[in-house]
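See structure below.
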Amino acid sequence: MNHDASLAPATVTVAAGRPDRAQGAAVNPPVVLSSTFVSQGVPGSGELLYGRIDADSWHPFEQVLGELEQSAHPALVFGSGMAAIAAALSLVPPGGRLVLPRHCYQVTLGFAADLAARQGVDVVLVDIDDTAAVVAAVQGASMLWVESPTNPMLEVADLPALVEAAHAAGALVGVDNTFATPLVQRPLRQGADVVVHSVTKYLAGHSDVVLGAALADDDDLHARLHAYRTLHGSIAGPFETWLALRGLRTLALRVERAQANAAELARRLSTHRAVLSVRHPSLPGDPGHERAARLMDGFGSIIGLRPRGGVAAADAVVAALSLWVPATSLGGVESSLERRRRFATESPTVPEDLLRLSVGIEDVEDLWADLSAALDGLEGEG
Ligand SMILES: *Cc1c(COP(=O)(O)O)cnc(C)c1O
């Protein structure tokens, strides 16, 4: 793939994946509604054939994301983040060992448990920010799975050190880059073999589409991910992919604003009397701060918040908010939050009273007014 290395990521998000420039040509790519493509005889390589194998409606989005992740290949778009994760985890052979963070997306943990039950995969859970423990666990592993920052605990991994140890042990490294986005972290350039995204979140960014993507530099790995998508039919629709591209065009602005809002809210929360603890890698005292400052180009816009007063207080905060949306998912323009342990499937080591806040792009004073009033209300209850 051709990179114009002189263009900054914010420019790539806007300029890449456009139709060829010609007098009277459309500025935006079309949505092509066709399940099949004109073809006869023995198909040549790269030729469009059938809409489960490849479709031109996917290419502009795949090109932009490939350039943002600085991948040797365009991204591969999937029907959801989980479909992309399933493709990546298919690289673990039956009976192999998969090392993954004990705090990571809960459905990824569920998928790993399914691999253990059905394919005898030895699943080893680690604290991804404990580098020595991960290095010990990857010996004999087929794959190390990384989320950084983790969902929902916001632990930050020393990714270059983990990649080096995993590769020395002969293990592949897969990274779920959903929380950071490629503007903040490019794992392939830190040595990872596979990167996945829940495009549903920041990349599409408007809470109106479910979509995923996977990327690999290596020709063979890329071909295996593509083959998985074709064999399982885990493909994206043309409209969904077009919507995701439309959202992606404003990624840089959205991420910049959301990160600034999150850092300011985290700073204010850290001195509020009704707050037991707050986690955001931007805070100087946060356990992930030093690593995030060294390895990432930003601190993300997810906050972990534990109000004083336990589960009842956490639920009361959620109920008292009027601007913040009580909802699962994250990465939309609107600020939202939820108590993660309301899901029985969430990791038992996530505190019962942890609220995960996804900070959006609203005015920060409006967000603070709503949030601080909800917290002040707790104090009133005594
Ligand atoms: C939401 C999420 C996923 C799953 O993506 P879907 O698009 O919902 O399938 C995977 N990883 C992380 C970190 C997520 O937040």
Side-chain angles (χ1 to χ4, degrees), residues 61 65 69 75-90 98 100-115 128 145-157 159 174-185 187 192 194-215 225 228-229 232-237 240-241 243-244 247-248 255 258 262 279 281 288 296 300-304 325 327-332 334-338 340 342-343 345-347 350 354-360:
F61 175 83
L65 185 54
E69 289 284 4
L76 291 161
V77 69
F78 283 78
S80 68
M82 276 316 300
I85 289 168
L89 293 181
S90 77
L98 169 63
L100 79 171
R102 68 178 173 144
H103 301 139
C104 71
Y105 182 60
Q106 58 170 339
V107 187
T108 305
L109 288 170
F111 194 93
D114 190 54
L115 286 179
I128 206 71
W145 191 255
V146 178
E147 270 185 31
S148 183
T150 56
N151 183 359
M153 294 294 278
L154 299 173
E155 294 128 336
V156 179
L159 187 56
V175 177
D176 183 335
N177 204 26
T178 300
F179 267 36
T181 84
L183 298 181
V184 171
Q185 172 168 272
V194 177
V195 168
V196 300
H197 281 280
S198 172
V199 177
T200 314
K201 315 293 171 55
Y202 292 99
L203 300 185
H206 294 71
S207 307
D208 53 10
V209 60
V210 173
L211 210 70
L215 302 102
L225 293 170
Y228 180 99
R229 184 177 70 178
H232 292 253
S234 44
I235 59 166
E240 285 75 8
T241 313
L243 268 177
L248 191 57
V255 165
R279 279 207 72 164
M296 293 160 57
S301 46
I302 304 294
I303 294 175
V325 183
T328 196
S329 198
L330 54 101
E334 70 290 336
S335 294
S336 62
L337 84 172
E338 70 177 339
R340 284 300 291 178
R342 71 196 179 104
F343 295 106
T345 45
E346 182 57 274
S347 173
V350 170
L354 179 84
L355 295 174
R356 186 187 69 191
L357 278 59
S358 171
V359 181

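Note that ligands are numbered from 1 as they come in the structure, with each ligand's atoms numbered from 1 the same way.
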So, [X] versus [Y]: side-chain donor-acceptor pair below 3.5 Å or not?
X    : Y    : result
N151 : R340 : no
E334 : S207 : yes
Y105 : T178 : no

[atom]: nearest protein contact (heavy atom, Å):
atom                    : value
atom 15 (O) of ligand 1 : K201 NZ, 2.8 Å
atom 7 (O) of ligand 1  : T200 OG1, 2.7 Å
atom 5 (O) of ligand 1  : S198 OG, 2.9 Å
atom 4 (C) of ligand 1  : Y105 CE2, 3.3 Å
atom 9 (O) of ligand 1  : M82 N, 2.8 Å

Between S301 and A258, what is the shortest heavy-atom contact and its length?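 Heavy atoms only, the tightest pair is CB-O, 3.4 Å.
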Determine the minimum heavy-atom distance between R342 and A327, stating which atoms define it.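 Between these two residues, the closest heavy atoms are NH2-C, 4.2 Å.
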Sequence neighbours left out, cut at 3.5 Å: what donor-acceptor pairs do the side chains of residues 79-86 make with other protein atoms?
from, atom 1, to, atom 2, distance (Å)
S80, OG, M82, N, 3.4
S80, OG, A83, N, 3.0

Report yes or no: does S358 contribute a side-chain atom to a donor-acceptor pair with the main-chain N or O of G331 at less than 3.5 Å?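 Present.
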Residues two or more places apart in sequence or in another chain: which of them pass side-chain hydrogen bond (donor to acceptor under 3.5 Å, both in side chains) with T241?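 Checked T241 against side-chain hydrogen bond (donor to acceptor under 3.5 Å, both in side chains); zero matches.
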What do you reckon, does V196 put a non-hydrogen atom under 4.0 Å from ligand 1?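 Contact check V196 vs ligand 1: negative.
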Ligand 1-proximal atoms of V107, by part, heavy-atom distance under 4.0 Å: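 Near ligand 1, V107 shows nothing, with every heavy atom at 4.0 Å or more.
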Pairs of nitrogen or oxygen atoms closer than 3.5 Å, one from V210 and one from ligand 1: do any exist?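 Between V210 and ligand 1 (N or O atoms, distance only) the closest approach is not under 3.5 Å.
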List ligand 1 atoms under 4.0 Å from I85, heavy atoms only on the residue side.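 Heavy-atom distances to I85 below 4.0 Å select 10 (C).
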Provide the number and element of each atom of ligand 1 under 4.0 Å from a heavy atom of L211.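 Ligand 1 atoms under the 4.0 Å threshold to L211: 7 (O).
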Could you name the option among T328, D176, V199 that has the heavy atom nearest to atom 13 (C) of ligand 1?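 The option holding the nearest heavy atom is D176.
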